[in-house]
Amino acid sequence: MNASPLIEIRQLVTRFGEHTVLNGVDLDLYAGEIKVVMGPSGCGKSTLLRCLNRLVEPSSGLIRFRGQDITAPGTDVRALRQSIGFVFQQFALYRHLTVLDNVSLGLRKLRGLRRAEAEQKALQELDRLEMAGHRDKYPAQLSGGQKQRVAIARALAMDPAVVVFDEPTSALDPVMSREVAALINRLHDEGVTMLCVTHDLVLAQNIADEVIFLDQGRVLAQDSIARLAKDHADPRVRAFFGRDGDKA
Ligand SMILES: Nc1ncnc2c1ncn2[C@@H]1O[C@H](COP(=O)(O)OP(=O)(O)OP(=O)(O)O)[C@@H](O)[C@H]1O
Ligand SMILES: [Mg+2]
């Protein structure tokens, strides 16, 4: 593990009007690491992720990415968004584009690659996720799990330093969720750095030894799910993790 974290979040505060959503979040993510963030609905998990690529502007605090303060004015947001890949619950694929075009579009538009180069790179990523055979299909012709693979291929195609997942399995059935868990584990073995927000205890258990529990705008606990469910002093934490497989 490197000495300094790839992403370093310090005392992050985010307010929407009077509503303080994040109230002093600290989090480190090291290269090659996978971290899972859980917490009650509305506790600010998506907001935390959105601060990372400047979709939300923090009210105070610090986010360093590769040692640079990304909340500073003058940050190259476009470059930042290429370095931090996002994968969402609803896949966010373009319905009118084929699988290949969904994955190659960013390479052409953001990276300026020619079509042939972009498609070659896109096919490599699709192949890595066993989706190359579906290259000419449209999203409507794919299962949820396959759509999520395409969304992950699209994120990976940009060679991001980190892939951030927001509820990657909440639109999937349990079988497909397990497939996504297996895929995330494989990417972890390949050295991909990941930060994953999820309500899915099975996913969390499958991909990480410990989870970060966010509550009332802060990191309230960080431990294995088993210990959080059984031993944590706060009954809300025990209740959250005690309901196996259930949503919060
Ligand atoms: N752009 C915004 N403007 C105002 N309020 C917002 C905005 N985005 C989020 N919020 C509020 O911030 C709080 C946290 O939202 P967020 O989406 O981060 O929660 P979450 O932990 O991801 O919830 P869930 O588990 O349901 O996805 C909510 O009360 C939400 O209504
Ligand atoms: Mg959310």
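Counting convention: from 1, in listed order, for ligands and their atoms alike.
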Checklist entry - Are His134 and Gln146 side-chain neighbours, meaning at least one heavy-atom pair lies under 4.5 Å? => result yes
Item to check | side-chain contact (heavy atoms from CB on, under 4.5 Å) partners of Leu62, counting only residues at least two apart | outcome: Arg10, Arg64, Asp69
Checklist outcome for this item: For Leu107, the other hydrophobic cluster members (4.5 Å side-chain criterion, sorted by chain and number) are Leu110, Leu113, Met158
Checklist entry - Under 3.5 Å, is there a donor-acceptor pair between the side chain of Arg227 and the main chain of Glu210? => result no
Next on the checklist: I'd like to verify the contacts: list protein N, O or S atoms under a distance of 2.8 Å from the Mg ion (ligand 2).
Outcome noted: Ser46 OG
Next on the checklist: Less than 4.0 angstrom from a charged side-chain N to a carboxylate O is my criterion; do Lys121 and Glu117 meet it?
Outcome noted: no
Checklist entry - With a 4.5 Å heavy-atom cut-off, do Val13 and Gln11 have their side chains touching? => result no
Checklist entry - Is the side chain of Arg54 donor-acceptor paired with the backbone N or O of Ile70 at a distance under 3.5 Å, no angle test? => result yes
Item to check | Within the protein, residues bringing a heavy atom under 4.0 Å of ligand 1, chain by chain | outcome: Phe16, His19, Val21, Pro40, Ser41, Gly42, Cys43, Gly44, Lys45, Ser46, Thr47, Glu167, His199
Checklist entry - Do any N or O atoms from the side chain of Asp28 and from the backbone of Glu8 form a donor-acceptor pair under 3.5 angstrom? => result no
Item to check | Aromatic ring pairing Phe241/Phe213, orientation class (parallel under 30°, perpendicular over 60°, tilted between) | outcome: perpendicular
